[in-house]
Amino acid sequence: MILTVIRNIDEDFKKTNVLICNDEDFETALAIVRKTIDYSLVVSKLLSRNVNTDKDKLNSREITLLGHLNGEFTRTNALEIAERLKIPERTLGHILKKLVKYDFIERVSQGKYKKM
């Protein structure tokens with residue numbers, strides 16, 4: 001509804017005093033929620049581990065990559081995303097191993113992964 005209010009701050013609202021949440025507002029809000037859920041899970045896992053060494057923490061590039069990955073994905077999907085984020089293929093391999101190691105993703109089979 002916040003998006004609807006912002007969209008309707010004009011004379012029409014003052015005349016009708018009625019707000020209607022349209023599909024565009026709803027889909028925008030849903031997209032925001034979906035993205036923030038991914039990042040909230042990452043932060044939650046990091047905090048719950050009480051990790052003390054810097055090498056065990058995810059850096060911003062790793063968190064960004066994780067946020068762009070779908071619930072289930074292939075290495076090829078991950079590589080396409082990594083290329084857009086300017087992450088080299090070799091680095092992607094290291095990141096995927098790290099994400100598996102710390103239970104952010106699970107290796108389902110050869111080249112196939114799933115977010116936890």
Side-chain angles (χ1 to χ4, degrees):
M1 284 306 294
I2 292 172
L3 296 171
T4 302
V5 169
I6 292 170
R7 185 176 45 80
N8 286 292
I9 297 179
D10 59 12
E11 294 302 314
D12 290 338
F13 173 67
K14 291 177 184 172
K15 292 176 188 172
T16 62
N17 208 21
V18 175
L19 291 176
I20 298 173
C21 181
N22 66 23
D23 289 343
E24 184 179 354
D25 294 339
F26 178 77
E27 291 300 324
T28 301
L30 196 55
I32 292 168
V33 168
R34 285 182 178 141
K35 190 52 70 177
T36 56
I37 285 173
D38 288 340
Y39 292 116
S40 296
L41 289 172
V42 169
V43 170
S44 173
K45 286 182 180 187
L46 287 173
L47 293 175
S48 68
R49 287 199 180 97
N50 294 323
V51 178
N52 294 323
T53 61
D54 287 339
K55 71 179 180 66
D56 294 336
K57 296 179 183 175
L58 297 184
N59 63 38
S60 62
R61 187 161 62 165
E62 294 162 345
I63 292 171
T64 301
L65 175 68
L66 183 61
H68 281 81
L69 296 171
N70 292 324
E72 293 185 8
F73 61 94
T74 63
R75 187 175 185 358
T76 303
N77 301 135
L79 183 57
E80 291 169 359
I81 294 167
E83 286 174 354
R84 286 197 308 264
L85 298 173
K86 308 244 187 291
I87 298 172
E89 183 175 0
R90 189 170 174 173
T91 303
L92 172 66
H94 294 296
I95 292 172
L96 291 176
K97 286 180 185 176
K98 188 174 183 180
L99 294 175
V100 168
K101 179 178 179 180
Y102 294 107
D103 298 323
F104 290 103
I105 63 173
E106 171 185 16
R107 185 171 175 246
V108 178
S109 63
Q110 182 73 28
K112 293 186 180 183
Y113 299 87
K114 180 172 93 172
K115 280 187 174 180
M116 303 289 280

How many angstroms lie between NE2 in H68 and CD1 in I87, if you round to the nearest 0.5 Å? 9.5 Å
Note, V100 side chain near E106 side chain (heavy atom, < 4.5 Å): no
Might you point out which heavy atoms bring R61 and P88 nearest each other, and give the distance in Å? NH1-CD, 4.2 Å
Atom pair CD1 (I81) and CZ (F73), whose distance is rounded to the nearest 0.5 Å: 8.0 Å
What I'd like to find out is whether the side chain of I95 reaches to under 4.5 Å of the side chain of L58, using heavy atoms alone. no
Please tell me whether L66 and M116 are part of a single hydrophobic cluster in this structure, the criterion being side-chain heavy atoms less than 4.5 Å apart. no
State the CG-CG distance between L65 and L92, to the nearest 0.5 angstrom. 6.0 Å
side-chain hydrogen bond (donor to acceptor under 3.5 Å, both in side chains) involving T74 - partner list, sequence neighbours excluded: N77
Check for a donor-acceptor pair, side chain of K115 on one end and backbone N or O of F104 on the other, with a separation under 3.5 Å. no
Output every pair passing side-chain hydrogen bond (donor to acceptor under 3.5 Å, both in side chains) with a member in residues 81-95, not counting sequence neighbours, ordered by first then second residue. none
Between V108 and Y113, is any pair of side-chain heavy atoms under 4.5 Å apart? no
Can K98 and E62 be counted as an ion pair, charged N to O under 4.0 angstrom? yes
Is K112 atom NZ crowded by more than 12 heavy atoms from other residues, nucleotides or ligands, each under 6.0 Å away? no
Taking only residues two or more places apart in sequence or in another chain, which ones pass side-chain hydrogen bond (donor to acceptor under 3.5 Å, both in side chains) with N59? none
